[in-house]
Amino acid sequence: MTTTLTIDLDAIAANWRLLVARHSAPVAAVIKADGYGLGAIPVARKLQQAGCKHFFTAHLSEALAVRDTIPDEFLAVLNGLQASDVEIFAAHNIRPVLGSLAEIELWCAHAKTLDRPLSCLIHIDTGMNRLGLPPSELAILANDPSLLSGLSVDYMMTHLVAADEPASNINARQAASFYTACTHFPGIKTSFANSSGLFLGSAFTSDLARPGAALYGVNPTPGLPNPLRQTVHLSAKILQIRDIQSGESVGYSAAWTANRPSRIATIAVGYADGYLRHLSNNGAARFDGAPIPLVGRVSMDLTTFDVTGTKAMPGDALVLLDAHYGVDDLAQAAGTNGYEILTSFRNRCTRVYLGA
Ligand SMILES: *Cc1c(COP(=O)(O)O)cnc(C)c1O
């Protein structure tokens, strides 16, 4: 057991509560991609105990994987409805987020077959141009409410394009088109903000917020202090320490060369663990609270750090992620975002759950 990913479920629950305190209506939990890489089942169980009643996944398979953990909660699938899946959705009381007239028709037809109302959400596209009813289909639906017969629509929903850029005027445009669209569906609740949307102000309030990333500690307000707690701690024991001379290189392609006599520590973490190769020559770890630079390439199973001048010994732990150097810091070093850092974690390292 040399590499340990510790996931703090209490911090995730605290983050959910902080978001709840920011919103006047219920706050769901998005647990797609296996709970942003941290484990959808333990996260769902913890948040359900904390009082969360609404959960979203991207895929039906992800919803099925957590259904037994949260058998009675509202559980919805963001990616929509495929004809082959209608029976499974209905049998497990999982709500599809319907994103086209064709999907609405499928769900209506199944409601007719079962002769009972079926629950769902309707996704309106207000600018993302990926999923959701485009304006042309929205106009058809708004003019013909009978297209929804047999359906119990819990929420009209849309998704923000640039919520993490508060200065972007796309946000206000989306709020205006969403709430204008919703006037055609009086009595149906709304679901709008993601993590960053919860920090955009009252125009982005709805009947159900849908944060994901912020629950797991990603900063929803880039450039400002992170109001959330870090939820992951990654550490790895040093396997070996090599003393090298000035002019010697380290690792594949000799991508780093020492310009002084150096001590190089090797740990059992690589890109196969989700420690991104883009961190080569650019990441950092901490030993005894002090930063130490990543040197050379991140390889599949091993990464090397320059521990010159420290007291590090084989068997000592290097800390790769903690409260001081969090997912957004690592993301910056890797040229990506905290979402990709979290969802890259693989199951090879030992996982420890705090607060389970
Ligand atoms: C992923 C997703 C969310 C959550 O977004 P975060 O930025 O992680 O808070 C909300 N709604 C939809 C439609 C999504 O796809």
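All values reported here derive from a predicted model rather than from experimental measurement. Counting convention: from 1, in listed order, for ligands and their atoms alike.
Taking every heavy atom of Tyr36 and a limit of under 4.0 angstrom, the matching atoms of ligand 1 come to 1 (C), 4 (C), 5 (O), 6 (P), 8 (O). Every atom of ligand 1 with a heavy atom of Ala213 under 4.0 Å away is listed here by number and element: 6 (P), 8 (O), 9 (O).
In terms of polar-atom proximity, defined here as any N/O pair under 3.5 Å, Ser196 makes no such contact with ligand 1. Between Pro211 and ligand 1, a contact under 3.5 Å exists for no N or O pair. Geometrically, ligand 1 and Leu78 share no nitrogen or oxygen pair separated by less than 3.5 Å.
With a 4.0 Å cut-off on non-hydrogen atoms, His159 touches ligand 1 through its side chain and not its backbone.
In this model, no donor atom of one side chain and acceptor atom of the other lie less than 3.5 Å apart for Thr205 and Ser24. Side-chain polar atoms of Arg297 and Ser253 form a donor-acceptor pair below 3.5 angstrom. Inspection of the Thr190 and Asp207 side chains reveals an N or O donor paired with an N or O acceptor under 3.5 Å.
Not a single heavy atom of Ala214 sits under 4.0 Å from any atom of ligand 1. Not a single heavy atom of Phe56 sits less than 4.0 Å from an atom of ligand 1.
With a 4.5 Å cut-off on side-chain heavy atoms, Phe345 and Tyr275 do not count as touching. Put simply, the side chain of Arg67 reaches to within 4.5 Å of the side chain of Asn93, judged on heavy atoms.
Atoms CH2 and CG, on Trp16 and Leu215 in that order, are 9.5 Å from each other to the nearest 0.5 Å. Rounding to the nearest 0.5 Å places OG1 of Thr113 at 8.5 Å from CD of Glu87.
Nearest protein neighbour of atom 15 (O) of ligand 1, counting heavy atoms only, is Lys32 NZ, 2.8 Å. Atom 5 (O) of ligand 1 has Asn194 CB, 3.5 Å as its closest protein atom, hydrogens excluded (heavy atom only). Counting only heavy atoms of the protein, atom 9 (O) of ligand 1 lies nearest to Ser195 OG, 2.5 Å. In this structure, atom 7 (O) of ligand 1 lies nearest to the protein heavy atom Tyr339 OH, 2.5 Å. Nearest protein neighbour of atom 10 (C) of ligand 1, counting heavy atoms only, is Arg210 O, 3.3 Å.
Stacking of Arg95 on the aromatic ring of Phe89 is not recorded, the 6.0 Å distance cut-off and the 45° axial limit not both being met.
In this structure a side-chain-to-backbone donor-acceptor pair under 3.5 Å is present from Arg263 to Thr310.
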